[in-house]
Amino acid sequence: GGLDTTGASNLDELRARIAYHFDVRTKSVIAHLLPAVAYHIIRIPNDAHAFVRFHDTESAVAHAAEAKREATLTRVCEALIANEKVILVGIRRAWAADMAAAVQRRLARGGVGRSLWCRVLTGDQDVSLRQALASEFVHSAPAPALVVATLPAIKESISLHDADRMIVAAPPWTPGDLTQLKGRVRRPGQKRRLTIEFLISEGTIDEEIEDVLLRKLAPVSDTGAHTEDEATALPEEQEVAGALSAWLHRSWERASLEGAA
């Protein structure tokens with residue numbers, strides 16, 4: 001006797017419920033689910049040509065460097081005063097430390113520096129320390145907040161996706177570097193609309209690097225978009241390089257910075 005339970009087993013349903021399920025999405029698909037990113041080229045004028053006329057190359061270089069430093073400081077401080085979370089990217093470790101200190105001094109004069117969360121990320125730091133500082137920036141640092149980083153330091157799997165603005169003070173040489181930079185801030189978990197700015201000092205090696213980058217970008221598909229909201233779904237490197245290339249070619253003069261003040 002007993003109860004006939006034939007066909008009443010729920011093992012198939014149980015197995016289905018406890019089985020692993022994977023939702024696989026490409027970077028391009030994920031990018032379109034995130035807030036938009038806009039690219040801007042900020043051209044910094046200077047009077048270095050006046051020194052070149054007198055064959056004073058050393059003074060010309062020093063003048064152009066000081067003009068760019070001042071414009072960079074102004075750009076960063078304005079963003080921080082607007083209560084943004086900012087990432088400033090350069091090349092040299094000494095430059096990163098100098099800029100972090102200079103920003104804090106300038107903001108302290110206006111009463112903002114005391115509340116500023118500011119950290120420096122460089123390639124000579126231990127990877128675990130860089131990861132910890134990046135995690136602090138994303139999860140607990142209140143706005144305004146600033147990370148001053150060297151490009152090599154943040155190209156190594158660092159996540160800084162809680163930023164309003166990334167300011168690139170040293171123009172990258174390759175589309176791959178563009179992708180690396182964007183990948184640090186443009187990733188799952190991003191909730192802020194992002195602006196990426198490239199600072200180009202007129203009449204200096206910045207413009208030569210810019211020309212090299214444009215030549216490398218030329219073969220890449222032109223999406224014709226200012227922001228990724230409008231961009232065609234392309235592979236990651238094509239997406240960022242194409243959007244920037246199109247914007248560069250159409251807006252060469254329109255994005256000029258009229259003064260370094």
Side-chain angles (χ1 to χ4, degrees), residues 36-49 60-92 95-96 98-100 102-103 106-107 144-151 154 160 163-175 177-182 184-186 192-217 225-228 240-261:
V37 56
Y39 304 95
H40 297 284
I41 307 300
I42 308 300
R43 307 189 69 79
I44 302 170
N46 58 72
D47 298 322
H49 61 277
V61 170
H63 179 82
E66 181 57 31
K68 184 171 185 178
R69 182 179 184 277
E70 180 61 28
T72 302
L73 280 173
T74 299
R75 202 85 188 163
V76 171
C77 290
E78 286 177 349
L80 293 171
I81 290 171
N83 210 40
E84 293 185 3
K85 298 183 78 171
V86 180
I87 301 167
L88 175 62
V89 183
I91 296 295
R92 297 179 298 108
W95 171 91
D98 172 69
M99 291 301 294
V103 168
R106 180 167 297 192
L107 290 181
L146 172 66
V147 168
V148 185
T150 61
L151 179 58
I154 64 171
L160 294 163
D164 297 284
R165 189 176 306 272
M166 173 182 276
I167 299 174
V168 183
W173 284 93
T174 67
D177 283 342
L178 290 177
T179 302
Q180 288 280 356
L181 283 170
K182 184 189 119 179
R184 306 288 65 80
V185 290
R186 180 85 168 145
R192 301 169 184 263
R193 184 179 178 89
L194 176 67
T195 299
I196 300 179
E197 298 178 343
F198 299 89
L199 306 185
I200 304 296
S201 182
E202 294 180 344
T204 70
I205 193 173
D206 284 0
E207 293 188 328
E208 296 180 26
I209 297 174
E210 185 182 30
D211 289 341
V212 170
L213 180 60
L214 284 173
R215 288 197 298 272
K216 292 178 179 179
L217 288 170
H226 284 140
T227 71
E228 286 181 355
V240 61
L244 181 58
S245 178
W247 193 89
L248 276 168
H249 283 103
R250 290 203 308 272
S251 308
W252 193 265
E253 297 299 333
R254 187 156 50 87
S256 293
L257 180 65
E258 297 299 335

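Only this structure's heavy atoms are used, side chains among them; waters, hydrogens and symmetry mates stay out.
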Side chain to side chain contact (heavy atoms under 4.5 Å, CB included) between D98 and R69, worked out: CA-CA 10 Å; D98 172 69; R69 182 179 184 277; 3.1 Å; yes

Steps toward side chain to side chain contact (heavy atoms under 4.5 Å, CB included) verdict (I200, I44): CA-CA 6 Å; I200 304 296; I44 302 170; over 6 Å; no

Chi angles and distances behind the side chain to side chain contact (heavy atoms under 4.5 Å, CB included) call for V103, L73: CA-CA 6 Å; V103 168; L73 280 173; 3.6 Å; yes

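Here the CG-CG distance, from L88 to L146, works out to 6.5 Å after rounding to the nearest 0.5 Å. Rounding to the nearest 0.5 Å places CD1 of I81 at 5.5 Å from CG of L107. Note: T72 OG1 to K68 NZ = 6.0 Å, rounded to the nearest 0.5 Å. D164 CG to I87 CD1: the interatomic distance, rounded to the nearest 0.5 Å, is 9.5 Å. Annotation: the span from R184 atom CZ to I154 atom CD1 amounts to 7.5 Å, rounded to 0.5 Å. With values rounded to the nearest 0.5 angstrom, L199 atom CG is found 12.0 Å from H40 atom NE2.
For E84, the salt bridge (Lys or Arg N to Asp or Glu O under 4.0 Å) test picks out R165, with sequence neighbours left out.
Taking every heavy atom of both residues into account, A67 and P45 meet most closely at CB-O, 4.2 Å. A64 approaches S201 most closely through the heavy-atom pair O-OG, 4.0 Å. Scanning both residues, V148 and A96, for their nearest heavy atoms gives CG1-O, 3.5 Å. For the residue pair A145 and L80, the shortest heavy atom distance occurs at O-CD2, 3.4 Å. Closest approach of W95 and A169 over heavy atoms only: CZ2-CB, 3.7 Å.
Note on R106 versus E70: salt bridge recorded, some NZ/NE/NH1/NH2 to OD/OE distance being below 4.0 Å.
Between M166 and the options T195, L160, V89, a side-chain contact (heavy atoms from CB on, under 4.5 Å) holds for only V89.
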